[in-house]
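Report on the following structure.
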Amino acid sequence: MKYTYLLTALTSLLCISNSLIAQTFIPIETKDHAIVLQADKNNYLSMVYCGDRINEVKDYGAIAGMFKFSTDNAGSYNNAYTPAGTWSLSEPAIQVTHSDGNPSTDLKYVNYEATALDDNTSLTTIHLQDPLYKLAVNLFYKTWKNENVIEQWSEIVNNEKGPVVMQKYASANLFFSEKDFYLTSYQGEYLTEMQPQEEKLLQGNRVIESKLGTRAMLLGTPNFMVSFGKPADENSGKVLLGQLAWSGNYKLDFEIDSYKNLRLIAGINPYASAYTLAAGKSFKTPSLIYTISDNGTGRASRQLQSWARKYQVLDGEGERLTLLNNWEATYFNFNEQKLAALFKDAKNLGVDMFLLDDGWFGNKYPRNGDNAGLGDWQENEKKLPNGIGYLVKAAKDSGVKFGIWIEPEMVNPKSELYEKHLDWVIRQPERPEKYYRNQLVLDLTNPEVQDHVFGVVDNLFTKNPELAFIKWDCNAVIYNAYSAYLEKNKIPQTHLYVEYVNGLYKVLQRIRAKYPKAPMMLCSGGGGRGDYEILKYFTEFWPSDDTEPIERIFQQWNYSYFFPSITTDCHVTDWGKQPIKFRTDVASMGKLGFDIVASKLSENDLAYCKLAVKNYNGFKDIVWHGDQYRLASPYENPFASFMYVDKNKSNAIMFTYMHNTRVNEASERPVKLNGLDEDKKYAVKEINLYPGTRTTIDESKIYSGAFLMNVGINPDVNSRRTSVVLQVTESK
Ligand code: DGJ
């Protein structure tokens, strides 16, 4: 059922009576939570509440009156979209130079509409207007009731006679009036992505941002967690988990004001990105996506994971292909014979697909290392004389599907593409080139480059209709930001960072219009790309090149706050010293793949891998589509424990790893399970046993859900059993 509140009529009334306007409050509610905005007697719109939903809707109107922040500037702290240049002294959400050069903006509330889009989703649109200039801002709040998720974005509309220059144009501006906020942000580098850093926010502005250009994640990420009143906890307390869904430069401002309130402003990074908006045009910002939980981070991440699977990630509730990748098995050194042997390995392991990685292309400049050939997407005739079509068929004859690696946004200076199309390359023509992994970035603001990138994918699928999968890599950041295309078309260079990302989305939209479902994996020299906007076009992403399994336990733990396991590609490799069982069990908590030479494994190791793939096929539905519970944190224990439960609470799978063998406290206590039905009875069985080993778990016992959740079960991890996988099955 559709309904619309159009409050324009009420607004005109409000202009007559200032006392009435104080009653204009706008609740934006999910199943359990609400944020509330309110217009004051001067038509300034503020955010007055973020908390549990209050059943008596009219009570929201009394909230603002309970706060007495009295200093001169205090009235602007909770502005719903803080303008710059008038009376706010805080970090702005919007900063504009008007067509006449005036740098000041003021925004007044006009009206709002709330529309139910379906049983679960609603959209509230609030209209703001500068009283002096014909500049309007529309604020959008889309809610997913059952998942307690809110998506917020803005639209800036230039109705002035000439162009305006937007210096800052945030997606969202939130305000929280509790005291004591703890921010967890995720920092890192290549191989150490997604390291959490929790800090108490103090007065001033804490900025989390990226200037990488081509991608959001690497040195930092657009994912964050705000915990209210105390540090974040898995099962208690109010927390907000959020992400700016934008695949380029982002900026998150966490500003504590003089009253200890928190203002959060999230959006495209204004760094070098002043954006000229022509008369009559509007600009839609990316979305800030967040969920609120008053039961800690566990519930928050289950809400976000469930939302992502159902509504955001491409085919988020679908299936995925297990695979054998040749990157670490061969690097650039392969030929048809070697690959044919790997197809057989893939079949023998029992995975669905073989994935051919980097190195298959380039003739004038063969791709035999990372310093040449990138951009020349023709099969290398020496390595692959019979082309990709032959490989797709040979893989099929061996009983597996075939997938392929590309990095279509990039170019090596040693390539025919670079020689032919220097003007397609992002570079400062007068300065020496600076490379990241020996490569440069193509200028996706240029429609010809968009055609080229689309063409790389389109050619592969057109020539090889049975191609099953694409791994889309993106290894370089933007150095020497300068676009020949923008220059030629008299578009300001400060549009480059924004239009690069828009160009990428345009290409992806074309790909999905033609190939709606083909599975594609995002990769970015490690965990550089995996935000929710780009995941509309991709089925999964690569969290990190670091596949050492103990590091992976921590990384997968951290990614899981924001992403469901079905999106997280985890490969078994030769990294580290852990046995194959440990490595395979850790990878089984995401989308399982292998990147090893299976034929070189010992007989038992190979037998173990085959068993693990078979078992994975039995429980992958729970890992991919079930609810995840983080039972024991590797940061607080010498072990870590994760659990996945199906929707009926009938089947669960629990993974426990000992990551620190210095102390022997791993098996002292039981681990409490979660998410089961306390009245159901369950059997517990250990699976993924290495050949020749026996379980130490008593599998004859039947436990109540209440027992398993209040007392727990002891997986008995110790230095001889460093990885234990338990299957929990309802016993009827
Ligand atoms: C970086 C990726 O993370 C690796 O998995 C591999 O695909 C290489 N690129 C290939 O160049």
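It should be emphasised that the depicted structure is a prediction, and the values quoted were computed from it without experimental measurement. All ligand and atom numbering here is 1-based and tracks the order in the structure. Hydrogens, waters and symmetry mates play no part in the numbers below; they use all other heavy atoms, side chains included.
Atoms of ligand 1 lying under 4.0 Å from at least one heavy atom of C523, given by number and element, are 2 (C), 3 (O). Of all atoms in ligand 1, numbered sequentially from 1 with element shown, those under 4.0 Å from a heavy atom of D358 are 10 (C), 11 (O). Close contacts between ligand 1 and D545 involve ligand atoms 1 (C), 2 (C), 3 (O), 4 (C), 5 (O) [criterion: under 4.0 Å to a heavy atom]. In summary, the atoms of ligand 1 found under 4.0 Å from a heavy atom of D357, numbered by their order in the structure, are 6 (C), 7 (O), 10 (C). Which parts of ligand 1 touch K471 is read off a 4.0 Å heavy-atom cut-off, strictly below it: atoms 4 (C), 5 (O), 6 (C), 7 (O).
Under the 3.5 Å distance criterion, the side-chain polar atoms of N412 are matched with a main-chain donor or acceptor of D370.
Legend: residues meeting side-chain contact (heavy atoms from CB on, under 4.5 Å) with D451, ordered by chain and number and at least two apart, are R510.
Checked by atom type, the side-chain pair N348/K610 shows a donor-acceptor distance below 3.5 Å.
The distance criterion of under 3.5 Å between nitrogen or oxygen atoms is not met by R367 with respect to ligand 1.
Looking at N475 against ligand 1, only its side chain comes within 4.0 Å, counting heavy atoms. Contact annotation: for R437 versus ligand 1, heavy atoms closer than 4.0 Å belong to the side chain alone.
Two rings, from Y479 and Y435, have their centers 6.0 Å or more apart.
At least one side-chain heavy atom of L384 sits less than 4.5 Å from a side-chain heavy atom of E336.
Under the side-chain contact (heavy atoms from CB on, under 4.5 Å) rule, M217 has a single partner from P543, S524, S544, P222, which is P222.
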